[in-house]
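Please read the structure below before turning to the comments.
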Amino acid sequence: MSAFVALAGFASAAKAQAPFLVVDMANGNVLLSEDATRPWNPASTTKMMTAYVALRAVKAGQLTLDTPLIASANAARQKPSKLGIRPGQEITLDNALKVLMVKSANDLAVVVAEALGGSVDGFSAMMNTEARRLGMNESRFMNPHGFHLPGHQTSARDLAVLAMAMLREFPEHRDYWGIGAVQFGNRVLNNTNGLIGRYPGATGFKTGFVCASGFNLVSTATRGGRTLITVVLGASSGGERVARSAQLLDQGFASWNGNGQTLQTLPASGLSNAPDMRNEICGSGRRKGVILADDSDYSGSLIADSVGGESMAGGSALAFFATQSTPAVQRSVGVRSTSGRAVLGPRTGITPVAVYLGRAPGSTAVALGPGGRRAQPVSVAVTPPAGAIPGLPASASALAPTGLRTSVPGFETPASQAAIRPAAARAASPQPAEQRNGAAGNGSPLQLPGVITS
């Protein structure tokens, strides 16, 4: 298949004005770009900066990954996508970051923000300080989660600058960006980044969606010793942002020369404000016209084999790649249906990583609430599901660490349980990612319906 034919097949679904960028991690050379410095609504790609500020604080010794953070009432009442943490409950920074990056939990973004910045406004000021230091010229952050506010904006270039900084400054934490799924109780939540588990070499990074932005995706992938960063903004659906990102990655890996520009030399757009894509993406009514494709930001469900009744088997043979991927690899990521819709294939090699409420094993750190203040945990009854985590004995629980009480009085876990981090989880036996039954580990149904941003 020629690159021209593949591009033509994609163009009908893509928006010509939507920015994109492909950059080589090694040298900052821009391989492909369009409107890369145009201001855009970041949606939940904002959480990349939230994680960056948190890891800078860890590096500075202000807290550790095992530091328990206490949820405020303000954090608990954030709109979905969210974990459903309750006021007074604790979660370690480690677990908060895992859920933040995989399922874009808005409540946990505020938990982190209030612990480190004292308030959402205080943390936003920290985000903007880091953005200026990194040279993110078009970025202004007004919250830690990405809900749309006028003036809350970034650009494709700025997001690539941020992704590069995270990869270079925190190589020891790179597993956070590529977790395929997390398991909370007996509920498995897949990463909204549809490249993970589909595109060979995909390692991250973060999705985002609000009606004002369209579907955004910052992605990273490694092939032949090269790591590329791709940013796609304003796609029409979750499937389209994956299709476009995969195609651009293939084109980038086929190119060495680039367009003669670097992230530092890309010219400014001359525009001051991000466009509002609400009418174009969502129509006049809420969600009207939005194609809820695979890894939809609206739902917690992953439909691997069909989208809107259009199955992989009935799809077109036209895949959305240039010449670098084999037909088998193309089809494993996705094809276009007969109506031109991007239909993604099933994920492979995904092992859920356990997350839980409460403290990490052996933690003696002071629990941090808003502004670093200690707070009294609330009493919530929790019944852990036995044998919820693949590779653990039936007596172990996914919800809390070894031999410690969580912030939930009355719930103690067996001494056999261990905190699972991504590297360890990859060594466990593979488990299908499509496990959707059961309640959340806090004793109530996981709050995922009606997701607005992720």
Side-chain angles (χ1 to χ4, degrees), residues 42 44-72 74-75 78 83 85 89-102 104-136 139-146 154 158-159 161-177 179 204-206 218 355 357-375 401 407 419 421-422:
S44 280
T45 61
T46 297
K47 295 181 176 81
M48 292 172 61
M49 180 57 83
T50 300
Y52 180 78
V53 172
L55 290 177
R56 289 270 293 177
V58 170
K59 197 169 187 176
Q62 298 171 14
L63 75 169
T64 71
L65 292 174
D66 291 337
T67 297
L69 311 179
I70 302 175
S72 69
N74 178 46
Q78 296 300 306
L83 181 68
I85 195 169
Q89 286 186 313
E90 295 178 353
I91 187 169
T92 63
L93 177 60
D94 174 55
N95 283 310
L97 289 176
K98 289 172 182 174
V99 183
L100 200 69
M101 298 304 294
V102 170
S104 210
N106 295 318
D107 50 357
L108 298 188
V110 173
V111 169
V112 172
E114 291 181 336
L116 294 177
S119 66
V120 166
D121 288 343
F123 189 77
S124 298
M126 297 170 67
M127 298 169 76
N128 287 317
T129 296
E130 295 296 346
R132 288 191 297 270
R133 185 182 62 81
L134 291 172
M136 297 172 63
S139 294
R140 298 196 299 270
F141 296 105
M142 302 176 71
N143 59 55
H145 41 57
T154 189
D158 282 5
L159 289 171
V161 168
L162 178 57
M164 186 173 292
M166 295 174 81
L167 291 169
R168 288 179 173 176
E169 293 184 37
F170 311 119
E172 70 275 23
H173 300 311
R174 63 185 180 274
D175 282 339
Y176 281 124
W177 326 133
I179 299 172
F205 219 93
K206 188 69 189 76
V218 181
V355 294
L357 297 178
R359 294 177 174 235
S363 173
T364 59
V366 174
L368 300 180
R373 298 191 301 274
R374 297 191 68 169
S407 60
R421 291 216 164 89

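Note that the structure is predicted; figures quoted are calculated from it, not measured.
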So, for Pro144 and Val120, which heavy atoms are closest and what is the spacing to 0.1 Å? CD-CG1, 3.7 Å
Nearest 0.5 angstrom please: Leu108 CG to Leu97 CG, how far? 9.5 Å
On a heavy-atom basis, which atom in Ala75 and which in Val111 lie closest, and how many Å separate them? CB-CG2, 3.6 Å
Closest non-hydrogen atom pair, Thr92 against Ala360: CG2-N, 3.5 Å
I'd like to check the salt bridge (charged side-chain N to carboxylate O under 4.0 Å, His left out) partners of Arg140; sequence neighbours left out, ordered by chain and number. none
Between Thr67 and Ala365 (side chain of the first, backbone of the second, donor and acceptor by atom type, cut-off under 3.5 Å), is there such a pair? no
Separation between CG of Leu93 and CG of Asp66, rounded to the nearest 0.5 Å: 9.0 Å
I would like to know whether Leu69 and Leu63 meet side-chain contact (heavy atoms from CB on, under 4.5 Å); could you show each step before the answer? CA-CA 10 Å; Leu69 311 179; Leu63 75 169; 4.3 Å; yes
Name all pairs fulfilling the salt bridge (charged side-chain N to carboxylate O under 4.0 Å, His left out) condition that reach into residues 117-127, sequence neighbours left out, sorted by first residue then second. none
Any donor and acceptor pair, going by atom type alone, linking the side chain of Asn128 with main-chain N or O of Phe141 inside 3.5 Å? yes
Checking Lys206 against Ser104: is there a side-chain donor and acceptor pair closer than 3.5 Å? yes
Evaluate Met127 against Tyr52 for side-chain contact (heavy atoms from CB on, under 4.5 Å), listing each step before the verdict. CA-CA 9 Å; Met127 298 169 76; Tyr52 180 78; over 6 Å; no
How many angstroms lie between atom CG of Asn95 and atom CG of Leu357, to the nearest 0.5 angstrom? 8.0 Å
Look at the side chain of Asp107 and the backbone N and O of Leu83, then say whether any donor-acceptor pair between them is shorter than 3.5 Å. yes
Before giving the answer on side-chain contact (heavy atoms from CB on, under 4.5 Å), spell out for Thr154 and Leu162 the whole-Å C-alpha distance, their side-chain angles and the decisive distance to 0.1 Å. CA-CA 11 Å; Thr154 189; Leu162 178 57; over 6 Å; no
Counting N and O atoms only, with roles assigned by atom type, does the side chain of Lys98 sit under 3.5 Å from a partner on the main chain of Ile179, one being a donor and the other an acceptor? no
Could you state the interatomic distance from CZ (Arg174) to CD (Glu172), rounded to the nearest 0.5 Å? 9.0 Å
For Phe123, what residues pass the ring-ring contact (aromatic ring centres under 6.0 Å, His included) criterion, not counting sequence neighbours? none
Flag the pair Trp177 / Leu167 as yes when at least one side-chain heavy-atom distance between them is below 4.5 Å, and no otherwise. yes
Please check: side-chain N/O of Thr46 versus main-chain N/O of His145, any donor-acceptor pairing under 3.5 Å? no
Side chains of Lys47 and Ser44: donor-acceptor distance under 3.5 Å anywhere? yes
Provide the closest heavy-atom pair for Asp158 versus Gly135 in the form atom of the first, atom of the second, distance. OD1-O, 4.2 Å
Is there side-chain contact between Tyr176 and Asp94, with heavy atoms separated by less than 4.5 Å? yes
Would you call Phe170 and Arg56 a side-chain contact if the rule is heavy atoms closer than 4.5 Å? yes
What pair of heavy atoms forms the shortest contact from Met126 to Gly117, and how long is it? SD-CA, 3.7 Å
For Val112 and Ala96 the tightest heavy-atom approach is CG2-CB, 4.1 Å
Gap separating the CE atom of Met48 from the CG atom of Leu100, nearest 0.5 angstrom: 11.5 Å
Between Met49 and Met136, does the side-chain contact (heavy atoms from CB on, under 4.5 Å) criterion hold? Intermediate values first, please. CA-CA 11 Å; Met49 180 57 83; Met136 297 172 63; 3.6 Å; yes
